[in-house]
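Structure first, then comments.
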Amino acid sequence: MLLSIGGGVDVGKRLIYDPRSDGRDFSAGNCWHSIRFTKPLFSMSDSLLPLRRLMQTLTERAQTRPEGSYTTKLMEAGTAKIGEKILEEARELIEAADEPGEGGREHFIYEAGDLIYHTLVMLAYRGVDLDEVAAELGRREGTSGLVEKANRSQTKTDE
Ligand SMILES: N=c1c2ncn([C@@H]3O[C@H](COP(=O)(O)OP(=O)(O)OP(=O)(O)O)[C@@H](O)[C@H]3O)c2ncn1[C@@H]1O[C@H](COP(=O)(O)O)[C@@H](O)[C@H]1O
């Protein structure tokens, strides 16, 4: 028997989370079943938990500035030093972007980690949480950069 899980729509074997569902709907017909979930079967954000934990650690570092912490060292040096590291790590990431093979790919991921860590240090230093940046990205969701740029040009012309 095939099992279709979705918002009441036959979607073959794909599993779809319907956040609009109240979770009570269940219907069976022919050989198809439709079940609506109020919670996703797996959370897309689970793999991003280390990022959230890192942000928490950095926020604590900003508040407590413990001895023997590299983050504290950066924060004590301030915006210029953190910014210098961001630029350095961004350059290293760009250099790694064209490295071929699996080794190159792994190096690229390693450098992305360095850049993201230092960017998060800057956020924590400035007292901004990752959620606030996510909210800003959410606000932009669905608007092409080209459309946003065109709107900006129009606003300037109007002024
Ligand atoms: N994710 C990171 C992380 N990524 C990179 N780095 C450090 O960032 C630095 C990268 O800079 P470089 O490669 O240029 O190394 P470097 O030449 O020694 O650096 P500089 O002396 O030039 O500043 C290295 O020292 C890395 O160890 C990190 N340091 C810390 N974290 C996380 O932050 C947490 C808190 O760290 P502390 O605040 O140091 O305890 C840790 O538990 C980790 O989870």
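Every number for a ligand or one of its atoms is a count from 1 in the order of the listing.
For Thr72 (side chain) and Pro66 (main-chain N/O), a donor-acceptor pair under 3.5 Å exists by modelled atom type. Checked by atom type and distance alone, the side chain of Ser69 never pairs as donor or acceptor with a backbone atom of Arg65 at under 3.5 Å. Checking side-chain atoms of His118 against main-chain N and O of Asp114 turns up a donor-acceptor pair under 3.5 Å.
Distances from atom 27 (O) of ligand 1 to the protein include no heavy-atom value under 4.0 Å. For atom 1 (N) of ligand 1, a protein non-hydrogen atom is found at a distance below 4.0 Å. Of the protein's heavy atoms, at least one falls inside 4.0 Å of atom 32 (C) of ligand 1. In this structure, atom 9 (C) of ligand 1 is in close contact with the protein, since a protein heavy atom lies within 4.0 Å of it.
Near Glu89, meaning under 4.0 Å from one of its heavy atoms, ligand 1 places the atoms 10 (C), 11 (O), 12 (P), 14 (O). Near Leu54, meaning under 4.0 Å from any of its heavy atoms, are these atoms of ligand 1: 32 (C), 33 (O), 44 (O). Residue Glu88 has at least one heavy-atom neighbour below 4.0 Å for each of these atoms of ligand 1: 14 (O). Of all atoms in ligand 1, numbered sequentially from 1 with element shown, those under 4.0 Å from a heavy atom of Asp114 are 4 (N), 5 (C).
Summarising the geometry of Glu132 relative to Gly127, their closest heavy-atom pair is OE2-O, 4.2 Å, with the distance given to 0.1 Å.
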Legend entry - Residue pair Thr71, Tyr125: steps toward the side chain to side chain donor-acceptor pair (under 3.5 Å) verdict: CA-CA 10 Å; Thr71 311; Tyr125 180 74; over 6 Å; no
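Look at Glu76 and Lys73 and you find no salt bridge, because none of the NZ, NE, NH1 or NH2 atoms lies under 4.0 Å from a carboxylate O. A salt bridge does not link Glu88 to Arg91: none of the charged nitrogens lies less than 4.0 Å from a carboxylate oxygen.
Proximity of Leu87 to Glu84: side-chain heavy atoms (C-beta onward) are nowhere separated by under 4.5 Å. Here the side chains of Gln63 and Thr59 are in contact, with some heavy-atom distance below 4.5 Å.
The protein heavy-atom contact nearest to atom 35 (C) of ligand 1 is Arg61 NH2, 3.6 Å. Counting protein heavy atoms only, atom 36 (O) of ligand 1 is closest to Thr71 OG1, 3.6 Å. Protein heavy atom nearest atom 39 (O) of ligand 1, with residue, atom name and distance: Tyr70 N, 2.8 Å. Closest to atom 21 (O) of ligand 1 among all protein heavy atoms lies Lys73 NZ, 4.2 Å. When hydrogens are left out, the protein atom nearest atom 29 (N) of ligand 1 is Tyr117 CZ, 3.5 Å; that is the closest non-hydrogen contact. The shortest contact between atom 22 (O) of ligand 1 and any protein heavy atom is with Lys85 NZ, 3.0 Å.
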